[in-house]
Amino acid sequence: MVLADLGSKIAVALRKMTQTTIIDQTVMNDMLSEICKALLQADVNIAQVKHLREQVKQGVDIEQMAGGINKRKVLEQSVINELCSMLDPGRLPYAPKKKQANVIMFVGLQGCGKTTTCTKYAYMMKRKGFKCALVCADTFRAGAFDQLKQNATKAKIPFYGSYTETDPAMIAAEGVDKFKEEGYEIIIVDTSGRHMQEQALFEEMEQVSLAVDPDDVVFVMDSSIGQAAHDQASAFKGKVAVGSCIITKLDGHAKGGGALSAVAATGAPITHVGTGEHIEDFEDFEVKSFVSRMLGKGNIAGLMEKMKQADVDLEKQVRYTTHPYSPL
Ligand code: GDP
């Protein structure tokens, strides 16, 4: 998994402190240097790495600490806290509400996994009890509508798009209006990605945004983007009101630190991550669980979420077998 390497390097740096009897400024500095090196190798933005080091140094006065205090634990906790705050912009993401239309617009560069992610998100939200629909407002890429249609059909999610209309803002507005009238609760608008940060892409994005007035704009970013991630995230943030981020391809072998840390540039929290090409390869993102899993400490929150979902599925199954005609 992406960042497994980073996680183990940080874990090793933290563990090394157990081998020293006296934890002093030198031990702390060595540990911090090792962690910063690992973060930089994983493509984390240099300013954020510096910030992390300064924060730990400022927060832990190792020489003045009273004798009985477990310095190793204090330092470890401080590093973990800083890793968490690097990934947490301190703002809650938009939470879709039931019994009303929530328009969610997806933006990102071509190939980042945006169209796939739109369906994964719709599928997950459908499982959480929302009435979901998909709108394809990508008129730029040939085959974009067919791809969304194919994915949506597989997931049994209604979709809207056009083979002839060339104005993405028009299609987006039509699709959103139609699904609003039909009482859909989550209406996902997939926009064009294009190849790079070109002016036309941003203008189109702004027009679609004006046409559908989204409740949330989700920025989708490929985890393999590396150091370019920070500039890319800032460019998108500068044009549309990015409210949430989704990082894709976390199952790959890329370093991943660039994309994950670049999210800070948007000021918007990561809500989900993509972990494969299949529709189920999609997870809720929770900062503490992610950091603890990255450091090899297990993922308690994620496990609990999976258990809750398994309970719901089991309950539905039981209901269906005992009352085959009751709604699932
Ligand atoms: P778009 O151009 O941004 O709409 O990108 P697509 O949705 O067409 O995805 C581009 C490629 O990335 C496709 O081959 C997807 O199957 C793949 N992809 C998307 N998300 C993930 C992911 O989380 N993991 C992996 N391994 N592949 C993904």
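Both counts, for ligands and for their atoms, begin at 1 and track the order of listing. Keep in mind the model is a prediction, meaning the values are calculated, not measured.
- Each of the atoms 6 (P), 7 (O), 8 (O) of ligand 1 lies under 4.0 Å from some heavy atom of Q147.
- Between F106 and Y121, the distance separating the two ring centers is shorter than 6.0 angstrom.
- Here F202 and F236 bring their ring centres to under 6.0 angstrom of each other.
- When H272, H278, E283, K249 are checked for heavy-atom proximity to atom 28 (C) of ligand 1, K249 turns out nearest.
- Ligand 1 places these atoms under 4.0 Å from at least one heavy atom of G274: 23 (O).
- Close contacts between ligand 1 and G276 involve ligand atoms 21 (C), 22 (C), 23 (O), 24 (N), 25 (C) [criterion: under 4.0 Å to a heavy atom].
- With a 4.0 Å heavy-atom cut-off, ligand 1 is reached by no atom of D281.
- The NZ atom of K288 sits 10.5 Å away from the OG atom of S292 when rounded to the nearest 0.5 Å.
- If you look at T116 next to ligand 1, the close heavy atoms, those under 4.0 Å, come from the backbone and the side chain alike.
- Neither the backbone nor the side chain of T117 comes within 4.0 Å of ligand 1, counting heavy atoms alone.
- Every atom of ligand 1 is numbered from 1 in the order shown, and the set under 4.0 Å from a heavy atom of K114 is 1 (P), 3 (O), 4 (O), 5 (O), 7 (O).
- If you check which protein heavy atom lies closest to atom 26 (N) of ligand 1, you get D251 OD2, 2.7 Å.
- If you check which protein heavy atom lies closest to atom 5 (O) of ligand 1, you get G113 N, 3.1 Å.
- Taking 4.0 Å as the cut-off, G252 does not count as a neighbour of ligand 1 on heavy-atom distance.
- Here the CD1 atom belonging to I46 is positioned 11.5 Å from the OG atom belonging to S261, to the nearest 0.5 angstrom.
- Considering CD of E283 and OG1 of T275, their distance stands at 4.5 Å, rounded to 0.5 Å.
- Within a 6.0 Å sphere centred on CD1 of I69, heavy atoms belonging to other residues, nucleotides or ligands number more than 12.
- Summarising the geometry, atom CG belonging to L52 is positioned 5.5 Å from atom CG belonging to L83; distances are rounded to the nearest 0.5 Å.
- Screening residues 41-64 for side chain to side chain donor-acceptor pair (under 3.5 Å) gives K9-Q41 as the qualifying pairs, with residues at least two apart or on separate chains.
- Judged by the 6.0 Å distance and 45° axis criteria, K149 is positioned over the aromatic ring of F145.
- The single protein non-hydrogen atom nearest to atom 2 (O) of ligand 1 is G111 N, 2.7 Å, given as residue, atom name and distance.
- Set against the non-hydrogen atoms of L109, the atoms of ligand 1 under 4.0 Å away are 3 (O).
- When the heavy-atom distances from atom 20 (N) of ligand 1 to K120, Q110, E277, R141 are ranked, the shortest goes to K120.
- Ring to ring, H272 and F285 are not that close: their centroids are 6.0 angstrom or more apart.
- Each of the atoms 23 (O) of ligand 1 lies under 4.0 Å from some heavy atom of T275.
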